[in-house]
Protein chains: 2
Amino acid sequence: MSCENATAQVLKDSGHRLTPQRLMILSAIRHTTSHVTVAQILDEVRESYPYIDASTVYRTLGVLKKMRLVSETDMGSGEAVYEWINQSKHHHLICKSCGGVTLLEDRYVASVGSDIMEDHGFKADLDHFAIFGLCASCVED
Amino acid sequence: MSCENATAQVLKDSGHRLTPQRLMILSAIRHTTSHVTVAQILDEVRESYPYIDASTVYRTLGVLKKMRLVSETDMGSGEAVYEWINQSKHHHLICKSCGGVTLLEDRYVASVGSDIMEDHGFKADLDHFAIFGLCASCVED
DNA sequence: CTAGCTGCAAAGCGTTTGCACGATG
DNA sequence: CATCGTGCAAACGCTTTGCAGCTAG
């Protein structure tokens, strides 16, 4: 039993159909440690099923987004990245120089959210943040 | 003497040419209280000079970005927004429901930057942040 | 004069949409 | 068997690029 089985059930229960394509897309998203692009999903799925179309991936991601099973983040310039929403919130530090991605625990950001709520009544969506900058090794240059 | 004169001098000093188009683009950016899109710049400049091309605007913005005179922010889905970089840092709260934009003072975010630097050696670029969520009035629905 | 800027046109990119066929429940 | 999902193709919107002519310094 693979780990995306539970998700399959959730999809089914919500009135969506379970197709091979969707299972493969699901698998591609869950079998990465962090975020994926549509291109990466396509590459992976095409290894076993070459006829998958980008529109199918986008439409499936649309469903998963609406069900809050995946998050979409625009990392600026170009493709959006998608990530499985799980219990342990985290964020990403993206180096503008080398493109490296570091995980950042939620505690760095969490307090900001409650401060904003208190002062502005604004319910900030801080589930997944992309923070740009220069990583430790690139900052030396 | 208009307020973009100083900028004109900076451009000149850095070896760039001062063209009427650039002056008009400069004016369009500075004469807004907050951020502008390329489309808005085009609209404004075309009122006095209808032949301006989008590529000219993009190229000028590229120069201004490289000189750190304007910041580019991807507010997700669609056009990037550009903003004059000035002394008073701030961020934007963008309501996903009504699209309203609220200014957020820098102090909410500033401490996060130093924390990240301390723990990860990552120099986060937090000059201008776009924070999505639900504004006070939309959160009630 | 001559490097750099412009407008035009076209291409590029990620994403969305219309449509008829096929599969799911 | 009715609906929903798919692949294909084409369109979309924002942005970038090649190019020949023009212009600022």
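Here is the naming used below: chain letters follow the sequence lines, and residue numbers restart at 1 for every chain. Every heavy atom of this structure was used, including side-chain atoms; hydrogens, water molecules and symmetry mates were not.
- Summarising the geometry, the separation between CG on B/L42 and C1' on D/dT15 is reported as 12 Å, rounded to the nearest angstrom.
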Where do B/T56 and B/R22 land on the side chain to side chain donor-acceptor pair (under 3.5 Å) test, with the steps shown first? CA-CA 8 Å; B/T56 302; B/R22 288 192 171 168; over 6 Å; no
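- Per the geometry, CD belonging to B/E79 stands 16 Å off P belonging to C/dT15, to the nearest Å.
- The nearest whole Å value for the distance from the CG atom in A/L64 to the P atom in D/dG5 is 11 Å.
- For the OP1/OP2 pair of D/dG7 and a distance below 4.0 Å, the side-chain nitrogens and oxygens of A/Q21 include at least one atom meeting the criterion.
- Nucleotide D/dG7 holds its P atom 11 Å from the CZ atom of A/R22, rounded to whole Å.
- Computed from coordinates, the B/Q40 CD to D/dT15 P distance equals 12 Å when rounded to whole Å.
- A 4.5 Å side-chain heavy-atom check between B/V63 and B/L11 finds at least one atom pair inside the cut-off.
- Checked by atom type and distance alone, the side chain of B/R46 pairs as donor or acceptor with a backbone atom of B/I52 at under 3.5 Å.
- In this structure, A/S14 contributes its side chain and A/V10 its backbone to a donor-acceptor pair below 3.5 Å.
- Rotation axes derived from the C1' atoms of the five outermost pairs at either end of the helix from C/dC1-D/dG25 to C/dG25-D/dC1 lie 40° apart, to the nearest 10°.
- Following rounding to the nearest Å, A/L61 (CG) and C/dG14 (P) show an atom-to-atom distance of 15 Å.
- The NE2 atom of A/H16 lies 9.0 Å from the CG atom of A/L64; values are rounded to the nearest 0.5 Å.
- The residue among A/I52 and B/A39 whose nearest nucleotide of DNA chain D is located toward the 5' end is A/I52.
- Once rounded to the nearest 0.5 Å, the distance linking CD of A/E44 with CG of A/L42 reads 11.0 Å.
- Inter-residue side-chain proximity for B/R59 and B/S55 is flagged as met; some heavy-atom pair is nearer than 4.5 Å.
- The nearest pair of heavy atoms linking A/V70 to A/L61 is CG2-O, 4.2 Å.
- Taking only side-chain nitrogens and oxygens, A/Y49 never comes nearer than 4.0 Å to OP1 or OP2 of D/dT6.
- We find that CZ of B/R46 is positioned 14 Å from P of C/dT6, with the value rounded to whole Å.
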Contact string for nucleotides 16-25 of chain D, one letter per nucleotide 5' to 3', B = base within protein heavy-atom range under 4.0 Å, S = sugar-phosphate only, - = neither, reads BBB----BBS
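- Residues B/L93 and B/L103 do not share a hydrophobic cluster, clusters being chains of Ile/Leu/Val/Met/Phe/Trp/Tyr side chains in contact below 4.5 Å.
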